[in-house]
Visitor: 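Encoded as structure tokens, here's the structure I'll be asking about.
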Amino acid sequence: MTSELVLRPATPDEIPALLALWARAAKGTSITDDAAGVAALLARDPQCLIVAAPADDPGRPIGTVIAGWDGWRCHLYRLAVDPDRRRRGVGAALLAAAEERFIALGGRRIDAMVLDDNELGHRTWKAAGYRPEARWSRWVKPLTA
Ligand SMILES: CC(C)(COP(=O)(O)OP(=O)(O)OC[C@H]1O[C@@H](n2cnc3c(N)ncnc32)[C@H](O)[C@@H]1OP(=O)(O)O)[C@@H](O)C(=O)NCCC(=O)NCCS
């Protein structure tokens with residue numbers, strides 16, 4: 001399967017298709033899962049949203065990962081693969097592409113936020129070499145205009 005896969009940066013014209021993919025494939029929702037949120041991401045860093053697509057239909061996203069680099073840390077978000085395309089190496093290929101990007105940018109370590117009850121996600125992260133750091137928890141403050 002992975003040999004028939006194209007990995008490429010997302011384009012602004014496919015934002016609706018990416019939101020639809022996340023609605024059926026991603027785990028949970030994110031505060032930035034809307035057209036304005038994704039457009040702002042692509043404007044800030046046009047290379048960071050990596051899309052997997054079939055080689056014979058490269059315009060159709062079947063998997064994504066956001067490989068965010070802020071100059072200090074490497075963060076992964078929105079790793080998701082279409083349910084009917086899973087377990088064929090797409091997720092692993094997306095993580096490998098993200099890792100390649102981070103290394104090229106000079107990153108030193110990758111972070112991912114993973115829900116504690118996402119067993120499927122845990123298996124995928126572990127297979128790719130990630131380990132949890134249980135002493136940390138996430139602290140947040142939503143911003144209002
Ligand atoms: C997690 C997810 C992205 C994995 O995508 P995928 O394309 O199916 O993953 P891969 O086929 O590349 O699997 C890579 C490895 O992860 C592990 N793995 C993945 N899915 C697994 C499953 N259902 N059962 C056991 N191991 C699994 C395996 O070790 C696998 O390697 P193998 O097939 O050679 O044994 C996909 O299941 C998904 O979109 N899940 C919902 C969203 C999600 O939870 N994202 C992570 C958020 S933190």
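Indexing begins at 1, ligand by ligand and atom by atom, following the structure's order.
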Visitor: Any side-chain heavy atom of Leu94 within less than 4.5 Å of one from Val51?
Guide: no

Visitor: Ignoring angles and geometry beyond distance, decide whether Ala26 reaches within less than 3.5 Å of ligand 1 through its nitrogen or oxygen atoms.
Guide: no

Visitor: Within the distance-only criterion (no hydrogens, no angle test), does the side chain of Thr64 pair as donor or acceptor with the backbone N or O of Arg78 below 3.5 angstrom?
Guide: yes

Visitor: Of the choices Gly91, Gly28, Ala25, Gly121, which has the non-hydrogen atom that lies closest to atom 42 (C) of ligand 1?
Guide: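 Among Gly91, Gly28, Ala25, Gly121, the closest heavy atom to atom 42 (C) of ligand 1 comes from Ala25.
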
Visitor: Output the list of atoms in ligand 1 that are nearer than 4.0 Å to some heavy atom of Ala80, sorted by atom number.
Guide: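 Listed by number with element, the hits are 39 (O).
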
Visitor: Report the part of Lys126 in contact with ligand 1, treating N, CA, C, O as backbone and CB onward as side chain, heavy atoms under 4.0 Å; options are side chain, backbone, both, neither.
Guide: neither

Visitor: Where does Leu94 meet ligand 1, judged by heavy-atom distances below 4.0 Å: at the side chain, the backbone, both, or neither?
Guide: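 None of Leu94 does.
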
Visitor: Is ligand 1 under 4.0 Å from a heavy atom in the side chain of Ala127, in the backbone, in both, or in neither?
Guide: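 Under 4.0 Å from ligand 1, Ala127 contributes side-chain atoms alone.
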
Visitor: Is there side-chain contact between Leu42 and Ile15, with at least one heavy-atom pair below 4.5 Å?
Guide: yes

Visitor: Is the shortest heavy-atom distance from the side chain of Cys74 to the side chain of Glu99 under 4.5 Å?
Guide: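 Side chain of Cys74 against side chain of Glu99, heavy atoms only: no contact under 4.5 Å found.
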
Visitor: Could you tell me the residue and atom name of the protein heavy atom closest to atom 23 (N) of ligand 1, and the distance to it rounded to 0.1 Å?
Guide: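 Nearest neighbour among protein heavy atoms for atom 23 (N) of ligand 1, to 0.1 Å: Leu120 CD1, 3.1 Å.
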
Visitor: May I ask you to establish whether Arg101 and Trp69 are in a cation-pi arrangement, using a distance under 6.0 Å from NZ or CZ to the six-membered ring centre and at most 45° from the ring axis?
Guide: no

Visitor: Could you tell me which atoms of ligand 1, counted from 1 in the order shown, lie closer than 4.0 angstrom to a heavy atom of Arg88?
Guide: 11 (O)

Visitor: So do Leu21 and Asp82 actually touch side chain to side chain, heavy atoms under 4.5 Å?
Guide: yes

Visitor: Given Leu76, Thr124, Leu95, which has its nearest heavy atom closest to atom 16 (O) of ligand 1?
Guide: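 Result: the heavy atom closest to atom 16 (O) of ligand 1 is in Thr124.
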
Visitor: Considering only heavy atoms from C-beta outward, does the side chain of Val38 approach that of Trp22 to under 4.5 Å?
Guide: yes

Visitor: Looking only at protein heavy atoms, which one is nearest to atom 5 (O) of ligand 1, and what is the separation?
Guide: Val81 CG2, 3.6 Å

Visitor: Does this structure show an ion pair linking Asp57 with Arg60, if we count only N-O contacts that are shorter than 4.0 Å?
Guide: yes

Visitor: Enumerate the atoms of ligand 1 whose separation from the nearest heavy atom of Asn118 is less than 4.0 angstrom.
Guide: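 So the answer, numbered in order with elements, is 43 (C), 44 (O), 46 (C), 47 (C), 48 (S).
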
Visitor: At less than 4.0 angstrom from any non-hydrogen atom of Ala92, what atoms of ligand 1 do you find?
Guide: 12 (O)

Visitor: Check this for me, if you would: do Arg88 and Glu4 make a salt bridge, where the nitrogen-to-carboxylate-oxygen distance has to be below 4.0 angstrom?
Guide: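 So Arg88 does not pair with Glu4 through a salt bridge.
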
Visitor: In Å and rounded to the nearest 0.5 Å, what is the CG to CZ distance from Asn118 to Arg123?
Guide: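 It is 9.0 Å, given to the nearest 0.5 Å.
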
Visitor: Any N/O of Leu79 closer than 3.5 Å to an N/O of ligand 1?
Guide: yes

Visitor: Any non-hydrogen side-chain atom of Tyr77 less than 4.5 Å from a side-chain atom of Leu41?
Guide: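 A side-chain contact is absent here, since even the closest heavy-atom pair is not under 4.5 Å.
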
Visitor: Looking only at N/O atoms, are Leu115 and ligand 1 under 3.5 Å apart anywhere?
Guide: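 By distance alone, the answer is no.
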
Visitor: Going by heavy atoms in the side chains, are Leu5 and Pro54 under 4.5 Å from each other?
Guide: no

Visitor: Are there protein heavy-atom neighbours of atom 13 (O) of ligand 1 below 4.0 Å?
Guide: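 No, because not a single protein heavy atom sits under 4.0 Å from atom 13 (O) of ligand 1.
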
Visitor: May I ask you to identify the nearest protein heavy atom to atom 17 (C) of ligand 1, giving residue, atom name and distance to one decimal place in Å?
Guide: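 For atom 17 (C) of ligand 1, the nearest protein heavy atom comes out as Arg123 O, 3.8 Å.
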
Visitor: Which atoms from ligand 1 have a heavy atom of Trp125 less than 4.0 Å away?
Guide: 48 (S)

Visitor: For Val90, counting its heavy atoms only, list the atoms of ligand 1 lying under 4.0 Å from any of them.
Guide: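 What qualifies from ligand 1 is 7 (O), 12 (O).
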
Visitor: Between the candidates Arg86, Arg24, His122, Lys27, which shows the shortest non-hydrogen contact distance to atom 40 (N) of ligand 1?
Guide: Arg86

Visitor: Atom 11 (O) of ligand 1: which protein heavy atom is closest, and how many Å away?
Guide: Gly89 N, 2.9 Å

Visitor: Going from CG on Leu76 to CD1 on Ile110, what distance comes out if it is rounded to the nearest 0.5 angstrom?
Guide: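 The CD1 atom of Ile110 is 5.5 Å from CG of Leu76, to the nearest 0.5 Å.
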
Visitor: For atom 30 (C) of ligand 1, tell me which residue out of Arg78, Arg85, Arg87 has the closest non-hydrogen atom.
Guide: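 It is Arg87 that holds the nearest heavy atom.
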
